[in-house]
Amino acid sequence: MGRNIKESMKNIILTKAKEDIPLYFEDFRKFWENAYGNISDDDLYEIYRATLIFKNYKIVFHSLNLKSYDLVLDEIFEDVNSSFFLSLMGLYRSAHMHLRSSIELTLQLIYFIHHPIEFKKWKDGDFVIKHDTITQYVVSHPNFDNDITQLTTTITQYWKKFSKHIHGESPIFFQSETDVRKTNTFSIKDYNIWKGNFMKNIYVLNKLLLLFLKNDISRFPHKSFEMLVSLLKDDDRRLIENNE
């Protein structure tokens with residue numbers, strides 16, 4: 001008797017799943033097309049260029065003979081790319097979660113370059129470092145010939161903001177409370193919030209890595225260098241190019 005009920009329930013759920021999943025896919029497809037149609041060419045250029053930043057850092061790291069960190073760089077790229085594509089489906093809470101991960105991995109990348117033992121332990125799942133500890137380390141790193149306290153403070157502010165989406169600290173960070181979810185249509189308000197956070201996050205992480213690698217900039221492949229500095233404001237570009 002019990003087995004028959006379970007089998008019947010399984011069949012009902014499977015039937016429902018096979019009916020619903022194509023409908024979900026169709027909803028996502030329609031939303032994607034609507035979102036894509038509402039993004040200007042200027043926005044698309046800026047956002048897509050930003051997704052290419054960590055692909056170019058992988059090229060740079062190889063040119064500097066830092067070839068052990070592909071795992072981290074590939075995952076940061078996945079985070080950035082996933083955030084963009086989730087935004088095209090209106091999944092802004094999940095898109096912000098990936099932005100927080102990109103911060104954590106970028107800071108860990110800087111740390112691991114000079115901590116091979118901890119890097120190995122981390123790859124084995126046997127090492128964790130807290131955000132406050134790693135930011136203090138980065139601020140004091142001798143590679144930075146300028147005080148980067150303000151920059152790391154900004155990065156920490158973004159990290160805390162994106163953490164609110166993960167922890168659901170208020171309904172304003174819920175996916176279900178976005179205009180997108182309430183109307184199931186593209187919302188320029190929700191999109192602009194995500195876009196602003198996305199671009200600011202990429203900017204500070206790119207600036208941090210460029211400052212960290214500043215003494216090796218002359219060894220960057222030219223195309224990658226131009227791609228990375230193309231995101232910078234004039235003052236920051238001059239700060240980076242000072243050592244050339």
Q: Does the distance from a Lys or Arg side-chain N to an Asp or Glu carboxylate O, for Glu118 and Lys121, drop under 4.0 Å?
A: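 A salt bridge is absent here (no side-chain N lies under 4.0 Å from a carboxylate O).
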
Q: Could you see if Tyr45 belongs to whatever hydrophobic cluster contains Leu232? Use Ile, Leu, Val, Met, Phe, Trp, Tyr and a side-chain cutoff under 4.5 Å.
A: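 Different clusters: Tyr45 never reaches Leu232 through Ile, Leu, Val, Met, Phe, Trp or Tyr contacts under 4.5 Å.
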
Q: Compute the ring centroids of His115 and Tyr137, then answer whether they are less than 6.0 Å apart.
A: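 Ring-ring flag for His115/Tyr137: true, centres closer than 6.0 Å.
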
Q: Just to verify, which of Tyr111, Tyr69, Phe112 counts as forming a ring pair (Phe, Tyr, Trp, His ring centres under 6.0 Å) with Trp122?
A: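 Among Tyr111, Tyr69, Phe112, the one that satisfies the ring pair (Phe, Tyr, Trp, His ring centres under 6.0 Å) with Trp122 is Phe112.
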
Q: Can you see whether Ser40 engages Asp42 through a side-chain donor-acceptor pair at a distance of less than 3.5 angstrom?
A: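 Judged by distance alone, the side chains do not pair up.
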
Q: Taking the ring centre of each residue, are His96 and Tyr92 less than 6.0 Å apart?
A: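 Centroid distance His96-Tyr92: not below 6.0 Å, so no.
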
Q: One thing to verify: whether Glu226 and Arg237 come together as a salt bridge, which I'm taking to mean a side-chain N less than 4.0 angstrom from a carboxylate O.
A: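 A salt bridge links Arg237 with Glu226.
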
Q: His62 and Asp70: side-chain donor and acceptor closer than 3.5 Å?
A: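 Yes - a donor-acceptor pair under 3.5 Å links their side chains.
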
Q: If we ignore angles and hydrogens, is there a donor and acceptor under 3.5 Å between the side chains of Arg219 and Ser63?
A: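 Checked: Arg219/Ser63 side chains show no N/O donor-acceptor pair below 3.5 Å.
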
Q: Take Glu33 and Lys30 through the test salt bridge (charged side-chain N to carboxylate O under 4.0 Å, His left out) and record every step on the way to the result.
A: CA-CA 5 Å; Glu33 290 177 352; Lys30 287 179 180 177; over 6 Å; no

Q: Would you say the ring centers of Phe77 and Tyr57 fall short of 6.0 Å from each other?
A: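 No - the distance between ring centres of Phe77 and Tyr57 does not fall below the 6.0 Å cut-off.
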
Q: Would you call Arg238-Asp235 a salt bridge at under 4.0 Å N-O?
A: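 Looking at Asp235 together with Arg238, the answer is yes, because their closest N to O distance falls below 4.0 Å.
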
Q: Under the 6.0 Å and 45° cation-pi test, does Lys123 pair with Phe119?
A: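 Judged by the rule, Lys123 and Phe119 form a cation-pi pair.
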
